[in-house]
Amino acid sequence: MSERKDFLRTIVEEDLKSGKCKEVVTRFPPEPNGFPHIGHAKSIAINFGIARDYNGYCNLRMDDTNPTKEDTKYAQALEDAVKWLGFEWKGDVRHTSDYFHQIYDYAIQLIKMGKAYVDSLQEDEIREYRGTVTEAGKRSKYANRSIEENLELFERMKKGEFKDGEHILRAKIDMSAANMKMRDPLMYRIRHAEHFRAGDEWCVYPMYDFAHCLSDYIEGVSHSICTLEFENNRDIYNWVLETLNLTPPRPYQHEFARLGINYTVMSKRKLLELVESKVVSGWDDPRLPTIAGYKRRGYTPESILTFCDQIGIAKANSMVDVSQLEFCIRDDLNPKVPRVMCVLEPLKITITNYDAKEDIDASYYPHDVPKEGSRKLPFSSEIYIERDDFMEDAPKDYFRLTPTQSVRLKHAYIITCKEIIKDDEGNIIEIKAEYSAESKSGSDTSGIKVKSAIHWVDAKESKEVEVRVYDRLFSVEAPADEQDLNPNSLKVIKNARIEPAVIEQKPDVRFQFERQGYFYADPIDYSDAKPVFNKIVGLKGSWDKKTKQNEPTTKPQVKKEQIDGEVVAMTASEQALFQRYTDTLKLNSEVANTLARDAQLSSFYEEALSTLNSPISLANIVTNEVARELKQMQVNELKFNPSQIAELVSIIDDGTISNKIAKQVFEEMLTSGKSPNKIVQEKGLVQISDPDVIAPIIDDIIAKNPDNVSKFKAGNTKLLGFFVGQVLKSTGGKANPQVVNKLVAQKLQ
RNA sequence: UGGGGUAUCGCCAAGCGGUAAGGCACUAGUUUUUGGUACUGGUAUUCGGGGGUUCGAAUCCCUCUACCCCAUCCA
């Protein structure tokens with residue numbers, strides 16, 4: 001777990017500390033209507049991870065309130081995904097459908113409270129009545145049905161006396177709410193459909209907004225974590241729980257940004273399209289960002305989890321670069337997996353001066369991987385090397401085999417090209433080479449220096465294998481539709497050649513094919529007779545990159561110039577106030593402007609001004625500190641009054657306290673409502689301006705931070721702030737910052 | 001257009017009034033029988049823009065801008 005906390009963990013810790021919750025209970029609540037993808041993995045990692053970190057527990061709950069979309073096969077896939085990632089839910093898998101009776105009872109309760117009603121409007125009428133984002137909606141005429149009538153109708157809905165869509169149950173909240181979600185949200189609809197678990201027991205089903213909060217409550221969830229698009233739903237969440245007046249503790253909803261990864265799509269709809277249009281082979285196609293896809297591709301659960309940990313949790317919509325994921329799988333596999341040799345595109349080499357056969361003993365692991373294990377590598381005069389490991393006209397930074405450059409066969413001998421054989425079209429079909437008998441790996445006495453060692457396989461002893469080379473599914477970062485598909489996302493190589501030990505010994509299911517990348521024996525199509533490997537990810541390659549780099553043109557980054565919008569004009573009276581503030585009170589126009597435009601603020605200011613004639617200082621503190629508080633509450637909720645602010649300003653003006661301490665005093669006034677003088681007295685906050693007192697403290701700080709002193713002297717002048725900060729810190733903020741500044745500057749000269 | 005969110009390096013992301021963390025990517029070098037790994041360095045005088053408050057602002061105030069979400073009987 002990362003030692004730096006994300007915002008959710010910060011909230012959890014605060015709640016634990018404040019006693020808002022006693023135990024941390026989370027839940028992973030997917031709707032079983034599609035296959036889980038890596039976005040779900042993020043949510044799983046968050047929910048199960050937080051529960052684990054705070055010794056709580058996490059439930060797995062299928063949010064199955066819509067019988068027409070859900071299926072048990074999806075529920076199974078979801079369960080598998082959680083297990084595969086290595087998490088355990090508490091008890092059985094939960095289902096919202098388990099709570100249908102309880103949820104129904106809560107609905108009855110709401111009706112009895114007059115907080116819910118049966119509406120009988122048509123679907124399109126309901127939409128029309130809801131209004132728009134700028135216009136208020138209007139309430140249905142059915143909203144004033146009596147409680148008895150509502151009860152009876154709802155009962156009959158449940159009994160199945162009505163057809164789908166004839167009636168619905170709605171919460172009675174506010175048809176003109178600015179939050180559209182609060183305009184009498186729907187709580188129950190009639191659905192004569194078979195539910196994959198509940199069968200046909202029900203023909204009314206609760207909506208998400210009603211079922212989710214209650215399910216959380218029923219399960220004792222403390223932190224209901226969901227994605228950003230539910231921010232507007234939080235109001236309903238709270239409304240239901242509060243209106244029902246449930247006994248605490250109750251759950252609270254928190255939202256985080258869902259995961260986006262470039263060059264792929266993450267929405268269920270788009271994923272489904274790809275599967276249905278047969279662009280991919282199924283939900284487990286290795287190119288898909290589904291859990292099943294990653295699993296089939298060869299990704300490990302550890303690597304996915306590390307990835308989730310690395311990307312962090314925040315509220316900003318973001319698009320993570322695939323290279324981050326690729327790093328995670330490479331990093332996971334590098335120390336674990338055996339290295340073997342496989343030639344993807346074979347080029348035949350005949351070693352003319354070698355006519356024997358031998359088995360070379362070769363370790364599965366490189367020197368820096370502390371693992372044991374080796375295999376026999378058959379070697380003879382006919383071998384294959386990778387086609388692009390030979391180049392007839394090579395640039396000088398090409399390290400492999402050329403007519404003039406020898407190369408080492410990994411684990412074996414150094415060879416030198418003697419003759420290039422071409423077909424009628426001029427394609428190279430074979431190389432005749434000679435080896436150096438003294439150059440054998442491990443006992444090299446040849447003295448020949450080569451620039452690289454390449455992988456190879458014996459022509460006769462190697463096995464033919466199918467290798468499926470995957471690349472990103474889309475060729476653009478943020479794909480919109482199938483137009484953006486990468487035509488080369490899958491390359492099937494039928495006749496790659498692999499060293500025999502891989503098939504015969506099977507030391508693992510994942511391998512590093514030396515110099516190529518990590519590969520995985522396909523769990524479904526692999527057989528000893530017809531081995532199939534999936535490419536998980538390539539190695540980082542500076543040569544490959546260089547050769548590819550010439551193609552894409554880097555787009556120039558142009559910094560956009562920002563144009564300021566128009567500011568709303570002041571009214572005549574605001575204008576007059578502004579004039580008075582700037583002309584007679586000499587406030588700066590910015591301060592005057594904010595004051596004049598805010599009636600609450602200006603009247604607060606005027607009142608303070610009547611007790612203390614210090615217009616500028618007063619204006620500053622009112623427009624800054626007081627304004628902040630007024631953003632969150634009304635004037636009458638404030639614990640302090642204008643004259644106390646005046647008092648605070650007066651002791652700043654006369655030098656009793658510094659501006660810095662004033663902030664501290666202000667904080668105190670906010671919570672206790674005590675008078676500034678009293679706070680200063682109680683806490684002994686009078687500022688220290690005597691240089692004789694401050695100087696020794698500065699000396700001490702300077703002595704303790706020799707590094708920063710030298711950095712400062714080397715020209716890093718912003719470090720002045722560091723020293724001032726340290727001095728202030730050690731005096732509890734009481735040292736006069738101006739004096740400190742001057743003194744520090746002097747001493748550091 | 002009303003409401004709710006978000007903006008810190010190419011991509012993620014810490015930071016909550018006192019020296020702009022970290023990871024990926026990029027880059028230079030060392031080691032290397034993988035152009036891998038590992039290691040060592042280099043990468044934001046600046047936090048969406050502009051003002052203001054303060055000795056000191058990414059952090060507080062004002063204002064503008066951009067993007068995301070909300071008008072499914074989906075979740």
Side-chain angles (χ1 to χ4, degrees), chain A residues 4 30-31 33 63 65-66 69 123 126-127 130-135 137 164-165 168 177-181 183 186 188-191 207-208 212 228-235 255 257 262 310-312 314-321 323-324 326-327 330 334-335 339 366-369 399-400 408 410-411 441-442 444 450-455 512 514-516 539-544 546 557 560-567 588 590-591 593-594 597 620-621 623-625 627-628 658-660 663 708 711 716 718-726 728-729 736-738 740-742:
Chain A
R4 201 155 246 115
E31 182 189 15
N33 69 342
D63 205 5
T65 56
N66 187 353
K69 289 189 170 178
E123 195 172 338
I126 287 184
R127 198 167 310 139
R130 189 145 35 214
T132 67
V133 286
T134 46
E135 301 156 46
D164 285 10
I168 45 150
N179 178 356
M180 296 285 297
K181 293 260 144 131
R183 323 252 254 226
L186 279 52
Y188 262 95
R189 79 288 220 187
I190 301 171
R191 276 278 143 89
M207 305 287 291
Y208 165 86
H212 204 94
L228 246 30
E229 67 269 28
F230 291 99
E231 277 172 324
N232 293 327
N233 300 251
R234 190 175 56 229
D235 283 346
E255 311 86 12
N262 57 8
Q310 281 185 5
I311 56 173
K315 296 190 77 151
N317 285 313
S318 56
M319 177 92 85
V320 179
D321 201 302
S323 66
Q324 187 103 29
E326 291 173 350
F327 168 81
R330 278 192 207 108
N334 176 48
R339 318 289 140 123
H367 63 98
D368 51 1
V369 173
F399 297 165
R400 290 104 102 147
R408 171 175 297 282
K410 176 98 184 172
H411 294 122
S441 187
D444 184 355
V450 292
K451 287 213 175 95
S452 75
I454 61 171
H455 59 100
Q512 186 194 105
E514 204 98 32
R515 302 207 304 135
Q516 317 247 35
L539 256 29
K540 273 181 71 165
S542 50
W543 172 256
D544 298 352
K546 211 194 258 176
Q557 298 279 332
K560 265 184 274 171
E561 201 157 307
Q562 269 196 27
I563 302 152
D564 272 13
E566 222 172 291
V567 183
N588 84 40
E590 202 56 41
V591 172
N593 187 39
T594 43
R597 281 169 182 276
N620 286 341
I621 204 156
T623 40
N624 289 288
E625 314 311 307
R628 177 178 60 238
S658 63
N659 266 300
K660 188 184 173 74
K663 307 248 161 160
N708 282 333
K711 272 193 222 161
N716 192 350
K718 66 186 167 185
L719 246 30
L720 190 70
F722 163 75
F723 287 106
V724 175
Q726 291 297 310
L728 251 35
K729 201 172 161 189
N736 181 328
Q738 273 117 316
V740 175
N741 252 307
K742 202 186 294 169

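In what follows, chains are A, B, ... by sequence order, proteins preceding strands, each numbered from 1.
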Tell me whether the side-chain N/O atoms of [X] come closer than 4.0 Å to OP1 or OP2 in [N].
X      : N      : answer
A/R628 : B/rC16 : no
A/R183 : B/rA71 : no
A/N233 : B/rC70 : no
A/N736 : B/rC55 : no
A/T65  : B/rA75 : yes
A/T594 : B/rU63 : no
A/R130 : B/rG2  : no
A/R189 : B/rC74 : yes

Counting the atoms with a prime plus P, OP1 and OP2 as sugar-phosphate, which does [X] contact under 4.0 Å by heavy atoms, base, sugar-phosphate, or nothing?
X      : result
A/N624 : base
A/E31  : sugar-phosphate
A/T134 : base
A/L720 : nothing
A/K315 : sugar-phosphate
A/D564 : base
A/N708 : base
A/N620 : sugar-phosphate
A/S323 : sugar-phosphate
A/G721 : base
A/F723 : nothing
A/V724 : base
A/L728 : base

Measure distances between side-chain N and O atoms of [X] and base N and O atoms of [N], and say whether any donor-acceptor pair falls under 3.5 Å.
X      : N      : value
A/K663 : B/rG17 : yes
A/N741 : B/rC55 : yes
A/K660 : B/rG18 : yes
A/Q562 : B/rG48 : yes

Pairwise [atom1] distance for [N] and [M], with rounding to whole Å:
N      : M      : atom1 : value
B/rA14 : B/rG49 : C1'   : 24 Å
B/rC9  : B/rU45 : P     : 11 Å
B/rG42 : B/rC69 : P     : 41 Å
B/rG23 : B/rU1  : P     : 42 Å
B/rA20 : B/rA28 : C1'   : 24 Å
B/rU63 : B/rG4  : P     : 14 Å
B/rC67 : B/rG51 : P     : 23 Å
B/rU59 : B/rA7  : P     : 13 Å

Please name the nucleotide paired to [N] by Watson-Crick or G-U wobble geometry with both distances under 3.5 Å, or report none.
N      : result
B/rG36 : none
B/rC26 : B/rG42
B/rC67 : B/rG5

Where protein sits on nucleotides 29-35 of chain B, one letter per nucleotide: B base, S sugar-phosphate only, - none, heavy atoms under 4.0 Å: ---SBBB
Base orientation of B/rU72, syn vs anti, 90° cut from 0: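 Syn, which is what one calls it when the glycosidic angle falls within 90° of 0.
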A/K410/A/E514 salt bridge by N-O under 4.0 Å criterion: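 Yes, charged N to carboxylate O under 4.0 Å.
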Selected nucleotide, minimal atom distance to A/K718 side chain, candidates B/rU46, B/rC62, B/rC12: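 Looking only at heavy atoms from C-beta outward on A/K718, the closest nucleotide is B/rU46.
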Candidates B/rG2, B/rC11, B/rU19 - which lies nearest the side chain of A/Q324: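 Nearest to the side chain of A/Q324 among the choices is B/rC11.
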5′-ward residue of the pair A/P30/A/Q726 relative to RNA chain B: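 Its nucleotide being nearer the 5' end, the pick is A/Q726.
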Of A/Q738 and A/V133, the one whose closest RNA chain B nucleotide lies more 5':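 It is A/V133 whose nearest nucleotide is closer to the 5' end.
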